[in-house]
Amino acid sequence: MIKALLMLYAVWGFNWVVMKEASLFFPPVTFACYRFISGAAVLLLINIWLRLPLPPKRYWKWIIITGILQIALNNAAVQIGMQTLDAGLVAVLNYSMPVWVAILAHFFLHETLTRRKAAGIILSMAGMCILMNIDTLGSMSGIFFTIGGAVAWAVASVIIKYQDRTMKAKDCTMIQYTTWQMTVGALTLLIYTTIFDQGSSHWTWLSISCLAYNGILASALAFFLWNFILTRMEAGKASIAVLGVPVVGVICGVLFLGEALRGSTALGMLLILGGILLIVMHPPTKKLPP
């Protein structure tokens, strides 16, 4: 589990650098569409190579719902939000996902929202605000779009956890589930970009490399890891644990883009990591007297 989390941190964290480069070549939603079409293609090839059948009929309602919510709506909302909001604010609003997961999991997964968990969420979200240097807001419509994307991601995460608990027969592997979930999301984004003009793309070796990284690693591999982690941890804990991604992203920006590491940035990272540890680490058990 720790290895899967660390790999997810590395792939999605470095993708902050890749996405900044990709924004020079592609319209935002178009790039998200290309990204998930590429990721779905990779996963479909793996399914063919492994000779995996289609998931059983009873899984498809979950696959379609989570594909639209987690892949299409969340990413489209983030890209739309970036048109009127600072990138830092969009990141904070999108990564409010753990708050919504904790609330939904309390009611639908019977994961108790303890004081310790609530304190970890508050600490991590405060760290996110400091890390992203949030001092202004912006368009209220952009804020609502982005929060809506975070809620969509949260609902999809809870659904994945719920269906994993309720499906007694494990006759659909996580590779199968992620493949068709991403295919549904990619097709939804393709329909959106076909209907609404997104502008032109510029193809160079660098833009193709950015797309390849996003398709193979940041989409196919990373979403498989995320779905796998969700089925092995409490949804609330998994959602808080993923907040390590922005920390790695900022560090990658410092190392690869020459961005400055301010004292407030370091404080924000420490608060996020403190919130993660507060929730993920088990509290010490009291020893009974002999």
Side-chain angles (χ1 to χ4, degrees), residues 1-20 70 74-75 78 87-102 105 111 114 116-134 146 149-150 153-154 156-158 160-161 178 213-214 217-257 259 261-283:
M1 181 58 57
I2 297 298
K3 290 180 179 179
L5 268 174
L6 291 176
M7 192 177 299
L8 189 65
Y9 289 167
V11 172
W12 270 351
F14 184 70
N15 197 40
W16 284 42
V17 174
V18 178
M19 290 289 285
K20 286 186 178 181
Q70 182 169 282
N74 175 254
N75 285 275
V78 166
L89 178 58
V90 171
V92 170
L93 294 176
N94 191 47
Y95 276 93
S96 69
M97 177 270 292
V99 178
W100 309 110
V101 168
E111 295 181 6
T114 62
R116 181 186 180 93
K117 190 179 293 185
I121 292 172
I122 293 171
L123 194 64
S124 295
M125 293 311 299
M128 278 290 293
C129 290
I130 295 172
L131 182 68
M132 296 302 166
N133 193 28
I134 302 305
T146 311
W153 185 6
S157 299
V158 171
I160 291 170
K161 185 67 177 180
T178 306
Y213 182 93
N214 272 264
L217 297 179
S219 297
L221 174 62
F223 277 92
F224 167 77
L225 291 172
W226 170 241
N227 289 342
F228 171 79
I229 290 167
L230 273 175
T231 60
R232 296 298 188 275
M233 292 178 69
E234 280 190 5
K237 288 184 177 182
S239 62
I240 283 294
V242 83
L243 286 178
V245 171
V247 174
V248 176
V250 171
I251 293 172
C252 287
V254 172
L255 295 177
F256 296 99
L257 299 178
E259 297 177 348
L261 180 59
R262 298 186 298 270
S264 60
T265 303
L267 174 61
M269 290 192 292
L270 289 174
L271 289 175
I272 292 172
L273 293 175
I276 293 172
L277 291 175
L278 188 62
I279 291 178
V280 175
M281 300 295 288
H282 294 288

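Quick note: residue numbers are just sequence positions, from 1.
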Just how far is it from atom [atom1] of [X] to atom [atom2] of [Y], taken to the nearest 0.5 Å?
| X | Y | atom1 | atom2 | value |
| --- | --- | --- | --- | --- |
| I272 | L267 | CD1 | CG | 10.0 Å |
| L273 | L278 | CG | CG | 12.5 Å |
| M128 | L93 | CE | CG | 9.0 Å |
| L271 | I122 | CG | CD1 | 12.5 Å |
| M97 | I240 | CE | CD1 | 8.0 Å |
| S219 | F224 | OG | CZ | 14.5 Å |

Results of side-chain hydrogen bond (donor to acceptor under 3.5 Å, both in side chains) for S239 - residues two or more places apart only | none
For side chain to side chain contact (heavy atoms under 4.5 Å, CB included), just list the numbers for V242 and V245, CA-CA rounded to whole Å, side-chain angles, deciding distance to a tenth of an Å, and then say yes or no.
-> CA-CA 6 Å; V242 83; V245 171; 4.0 Å; yes
Do the side chains of T114 and K117 get nearer than 4.5 Å, heavy atoms only?
->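 Yes - at least one pair of side-chain heavy atoms lies under 4.5 Å apart.
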Side-chain touch F228/F223, heavy atoms, less than 4.5 angstrom |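 Result no, sub-4.5 Å side-chain heavy-atom pair not found.
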Start with the C-alpha gap between M269 and I251, add the side-chain angles, then the distance that decides, and say whether side chain to side chain contact (heavy atoms under 4.5 Å, CB included) holds.
-> CA-CA 10 Å; M269 290 192 292; I251 293 172; 3.9 Å; yes
Would you name the heavy atoms of [X] and [Y] that are closest together and state the gap between them?
| X | Y | result |
| --- | --- | --- |
| W226 | Q70 | NE1-OE1, 3.4 Å |
| I229 | A238 | CG2-CB, 3.9 Å |
| L123 | G275 | CD2-N, 3.5 Å |
| A10 | Y213 | O-OH, 4.0 Å |
| S124 | L243 | CB-CD1, 3.4 Å |
| A222 | L8 | O-CD1, 3.4 Å |

Those residues that, when tested against A220, pass side-chain contact (heavy atoms from CB on, under 4.5 Å) (two or more places apart) =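 Only V42, L43 meet the side-chain contact (heavy atoms from CB on, under 4.5 Å) criterion with A220.
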Test side chain to side chain contact (heavy atoms under 4.5 Å, CB included) applied to K161 and V101, step by step | CA-CA 11 Å; K161 185 67 177 180; V101 168; over 6 Å; no
side-chain hydrogen bond (donor to acceptor under 3.5 Å, both in side chains) partners of residues 9-18, not counting sequence neighbours, each pair once = N15-N214
Hey, does the side chain of N227 reach the backbone of T178 with a donor-acceptor pair shorter than 3.5 angstrom?
-> no
Look only at the side chain of E111 and the backbone of E234, and say whether a donor-acceptor pair between them is shorter than 3.5 Å.
->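 No.
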